[in-house]
2 protein chains.
Amino acid sequence: MSGRRQEILDAAFVIADEQGLDAVSMRAIADRVGVTPMALYRHYGSKSALLDGMVGHLLTALMPEAVSTGPWNERLGLIAHSYRGFAQQHPWAAQLLFSRPAITLDGIRLVEFIHQALREAGIPEHELTRMEHLVTTFVIGFAASEASGRFGPPDPGHTAEFEADLADLVRLIQNVATQNQDITSP
Amino acid sequence: MSGRRQEILDAAFVIADEQGLDAVSMRAIADRVGVTPMALYRHYGSKSALLDGMVGHLLTALMPEAVSTGPWNERLGLIAHSYRGFAQQHPWAAQLLFSRPAITLDGIRLVEFIHQALREAGIPEHELTRMEHLVTTFVIGFAASEASGRFGPPDPGHTAEFEADLADLVRLIQNVATQNQDITSP
DNA sequence: ACCTGAACACCGTTCAAGT
DNA sequence: ACCTGAACACCGTTCAAGT
């Protein structure tokens, strides 16, 4: 990634943090970078491409916290908490992650990371995608619901709720793993 | 709701269906109603208030399919399928439901409807909100993921995935109900 | 009570032109 | 290769004025 592209993305992040996602305009970014709005089009062909770049940047920022030691359920928990923590610091992030497909390199690595944890839990190959969708949909959805106010005003009780939900989902994963085991070895 | 308000909301729905949520502008709505953009402000104080009105309309449209006969798991399934079916017909709906709090009259009725089903499943009062959040977050999140392309291109396989997920969630609910039963009656 | 005209401060994007 | 100026077709919203 050339320096200019990174500079543009950084400016977009600062604006989103300070004034929300709606304030992220080509003109506002250009102002902050110190350039004309049209100059951005050399680096990102459209605003949509720039937002996709932001999603990629987001997923990269999410990865480092996802270490690969410890039991699978703790590793899944780590990713889940990273997502929620990140969304709490950057409320616009959940909205963005849910409104665009995440097909960047880091996005794929994150999915593979979750698959690996699910494999260790005993989920068979043909159920990996489904369980990954189930878990990520819930985690991103929870973060988006908190950020949008769908769960009502911010409440410390939401943390306990999130923990209990994750524990229930871990049990759900174990059940799915066990059921498939029964079929294979009677 | 006065006739004018209904007329404005109807116009907004038609525009969203035909050209997407981003095309829903005060000017486009006014054009379709046959009035100046500023005339809308007599009926909805801002565009934000108008979008809230759309969410209310949405939830009302979702309610009639939620009948109250049959076992609790089938009733929950009915609501879930209504949501997904509606989101498939109106891809902008899931996005809107996830980006604004739904505190209209019909929104509250829908929540109460889900609570009642969960009660019959054996969920204790203090877990009702949590389980309702868990189910609705997944269902709306799944619909939003399909609409946004987060799950990749449209795939008939997503229906089977949705069914299996719902079955797993019903089992999760039964487990939570059973655990709480164990504590109360040893 | 309800609507209009003109204006303000914004958008994303294209296109020809500059260095 | 990278950037600029001017322009086009849009936004939400305010305010004074009309009936």
Side-chain angles (χ1 to χ4, degrees), chain A residues 1-58 91-93 95-101 148-149, chain B residues 1-58 91-93 95-101 148-149:
Chain A
M1 166 128 57
S2 97
R4 210 48 165 171
R5 273 171 76 90
Q6 190 59 256
E7 208 179 330
I8 291 168
L9 233 44
D10 286 344
F13 265 64
V14 172
I15 294 165
D17 277 345
E18 287 179 357
Q19 310 174 65
L21 196 57
D22 289 344
V24 177
S25 70
M26 299 304 265
R27 286 166 146 94
I29 295 168
D31 259 20
R32 193 172 276 270
V33 175
V35 94
T36 332
M38 305 82 213
L40 302 181
Y41 287 82
R42 294 289 139 184
H43 307 282
Y44 290 97
S46 67
K47 187 183 178 180
S48 181
L50 201 149
L51 291 176
D52 286 338
M54 286 181 78
V55 172
H57 208 65
L58 229 57
W92 48 271
Q95 190 186 339
L96 202 57
L97 283 169
F98 238 151
S99 66
R100 321 186 75 77
S148 74
Chain B
M1 166 127 58
S2 94
R4 209 47 162 171
R5 274 172 76 90
Q6 190 59 256
E7 209 179 328
I8 290 168
L9 232 45
D10 286 344
F13 265 64
V14 172
I15 294 165
D17 277 345
E18 286 179 356
Q19 309 174 65
L21 196 56
D22 289 344
V24 177
S25 71
M26 298 303 267
R27 287 166 146 95
I29 295 168
D31 259 21
R32 193 171 277 270
V33 175
V35 95
T36 332
M38 306 79 216
L40 303 181
Y41 286 83
R42 293 289 139 183
H43 307 282
Y44 289 97
S46 67
K47 188 184 178 181
S48 182
L50 201 150
L51 291 176
D52 286 337
M54 286 181 77
V55 172
H57 208 64
L58 229 56
W92 48 271
Q95 189 185 337
L96 201 58
L97 282 170
F98 237 151
S99 66
R100 321 185 76 78
S148 74

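Keep in mind that the numbers below use all heavy atoms, side chains included, and drop hydrogens, waters and symmetry copies. Each chain gets a letter, A, B and so on, in the order the sequences are listed, and its residues count up from 1.
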Would you mind classifying the nucleic acid contact of A:M38 as base, sugar-phosphate or nothing, using non-hydrogen atoms under 4.0 angstrom? base
Taking all non-hydrogen atoms of both residues into account, name the closest pair between A:A11 and A:V33 and its distance. CB-CG2, 3.8 Å
Closest non-hydrogen atom pair between B:R32 and B:V14, with its separation: NH1-CG1, 3.4 Å
Show the nearest heavy-atom pair for residues B:Y41 and B:S46, with the distance to one decimal. CE2-CA, 4.2 Å
For B:R42 and B:K47, find the nucleotide of DNA chain D closest to each by heavy atoms; which residue's nucleotide sits nearer the 5' end? B:K47
Under a cut-off of 3.5 Å for both distances of each Watson-Crick or G-U pair, what dot-bracket string does DNA chain D give, using [ ] for crossing pairs and | for inter-strand pairs? ||.|||||...|||||.||
Looking at side-chain heavy atoms only, is the closest gap between A:M54 and A:R100 below 4.5 Å? no
List the atom of A:V24, the atom of A:A12, and the distance in Å for their closest heavy-atom pair. CG2-O, 3.8 Å
Reading DNA chain C from 5' to 3', where do the contacts with chain A start and stop? Cut-off is 4.0 Å to heavy atoms. C:dC11 to C:dT14
A:L21 versus A:L96, closest heavy-atom pair with distance: CD2-CD1, 4.0 Å
Closest non-hydrogen contact found for B:L50 with B:Y44 is CA-CD2, 3.8 Å
Listed by chain and number, what are the salt bridge (charged side-chain N to carboxylate O under 4.0 Å, His left out) partners of A:R27, not counting sequence neighbours? none
